[in-house]
Amino acid sequence: MFKVNDNYLKLPGSYLFSTVARKQREYQAAHPDKKVIRLSIGDVTQPLAPAILDAMHAAVDEMGHAETFRGYAPDLGYEFLRNAIAENDYKARGCDISADEIFVSDGAKCDSSNIQEIFSLDNKIAVCDPVYPVYVDSNVMAGRTGVYDSTTETWSDVIYMPCTAENGFAPELPKQTPDIIYLCFPNNPTGATITKSRLQEWVDYANKVGAVIIYDAAYEAYISEPDVPHTIYECEGARTCAIELRSFSKNAGFTGVRLGFTVIPKELKSGDVSLHALWARRHGTKYNGAPYIIQRAGEAVYSEAGKEQLKKQVAYYMNNAHYISAELKKAGYSVSGGVNAPYIWLKAPNGMTSWEFFDYVLANANVVGTPGSGFGPSGETYFRLTAFGSYESTVEAVDRIKNMKI
Ligand code: MLT
């Protein structure tokens, strides 16, 4: 009789955003007359920028002619895209990352869940609390997290680093030494960020204790303040301790197009084993690359026209973020985030739990957000709104929340 991977059976409930979507569907089915506004999952709503569409159309045409048709992509991604990434995201910021240290993929969600495969099962992971659920769940599926305690909603073998209002939603160095540290800045879900000097402390710490940092920088395009690092490789010594995950979803609207990349510097080693070599082996064996058409679309993100158009798109979403933040503050809510990130993190009023407030906002304002407790125990009593809606629906959602009786 075959057996299943029973680590999957340890997972409590369904994936957070699936639960939220199910609740929205159920509410809508029961109240077909209500116009529900979704500010829950961080999914973009603006159409692809013209420079990107032009590149995709041209690539589609190439695929229709024998002379320009492409089959399997190179394992690590096409050089035209990896060169554009190395030049624009790293060299332009003074970071020493070369094109052959970049692995193109179909998105940061897959990379952030797959990367744990190249590490031993007895590594101890440390995560921010609250945290993007994929980091923890993928380690649960692998069997790395120990036993789940449903009272505290924590795993016995995971180090949780609370991010609270008291520490400005930035984690402190853990007391117990981890092997793998997941950091995400600008942060999902709190919208908080980290200064370069604080990130340097993490890099120094990881190099000192022999840990690896998995740095998720999916939201770097939203950074507006000068002392916030755009990449961990701005820090001295990051080449020997950090892997960086990047996405085209939030800066270029590729949530449905799918494109991302992972950077693994060649100096990053466990003993004399290169993580770059392990990830290259995995990529070669398990993955056939993002489609040519999509990689050409990714290249267009770095064209002059693409940069200009995407700057406007990011500004559009950040205008929503400022609106949500300012209006909810005026209405008396305690609000953070929304300055260097497209997420607003607000405290549920009157001692409500996150799910109580979720249900209350859905029923009374017909707005869907994401309950903070779904991201971890320290997210309890918080609620996340995304700035990725249209301006009109964002204004309407905020007005409805402001007008709710609390
Ligand atoms: C979120 O809402 O947290 C994100 O959209 C999730 C993701 O990017 O996968």
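For ligands, and for the atoms within them, numbers begin at 1 and follow the listed sequence. Source: prediction; values computed, not measured.
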Which of parallel (below 30°), tilted (30 to 60°) and perpendicular (above 60°) describes Phe80 and Tyr292? perpendicular
Would you say the rings of Tyr360 and Phe383 are close, in the sense that their centroids are separated by under 6.0 Å? no
In sequence, state the C-alpha distance, the side-chain angles, and the governing distance for Asn114 and Tyr287, and then conclude on side chain to side chain donor-acceptor pair (under 3.5 Å). CA-CA 11 Å; Asn114 291 331; Tyr287 190 57; over 6 Å; no
Using a 4.0 Å cutoff against the non-hydrogen atoms of Ile41, which atoms of ligand 1 qualify? 2 (O), 5 (O)
Please, which pairs that meet salt bridge (Lys or Arg N to Asp or Glu O under 4.0 Å) have at least one residue in residues 307-325, sequence neighbours excluded? Glu304-Lys307
Element-labelled atoms of ligand 1 that are located less than 4.0 Å from some non-hydrogen atom of Phe17: 1 (C), 2 (O), 3 (O)
Could you tell me, atom by atom, which parts of ligand 1 come under 4.0 Å of a heavy atom of Tyr132? 6 (C), 7 (C), 8 (O), 9 (O)
What residues, two or more places apart in sequence or in another chain, satisfy salt bridge (charged side-chain N to carboxylate O under 4.0 Å, His left out) together with Asp43? Arg38
Does any N or O of ligand 1 fall below 3.5 Å from an N or O anywhere on Gly42, backbone included? yes
Regarding ligand 1, does Lys109 bring an N or O atom to under 3.5 Å of one of the ligand's N or O atoms? no
My understanding is that only one of Arg281, Arg144, Arg282 makes a salt bridge (Lys or Arg N to Asp or Glu O under 4.0 Å) with Glu117; could you say which? Arg282
Within a distance under 4.0 Å of any heavy atom of Asn188, pick out the atoms of ligand 1 and give their elements. 1 (C), 3 (O)
Go through ligand 1 atom by atom and flag the ones less than 4.0 Å from a non-hydrogen atom of Tyr343. 1 (C), 2 (O), 3 (O), 4 (C), 5 (O)
Atoms in ligand 1 with a heavy atom of Lys250 nearer than 4.0 Å: 4 (C), 5 (O), 7 (C), 8 (O)
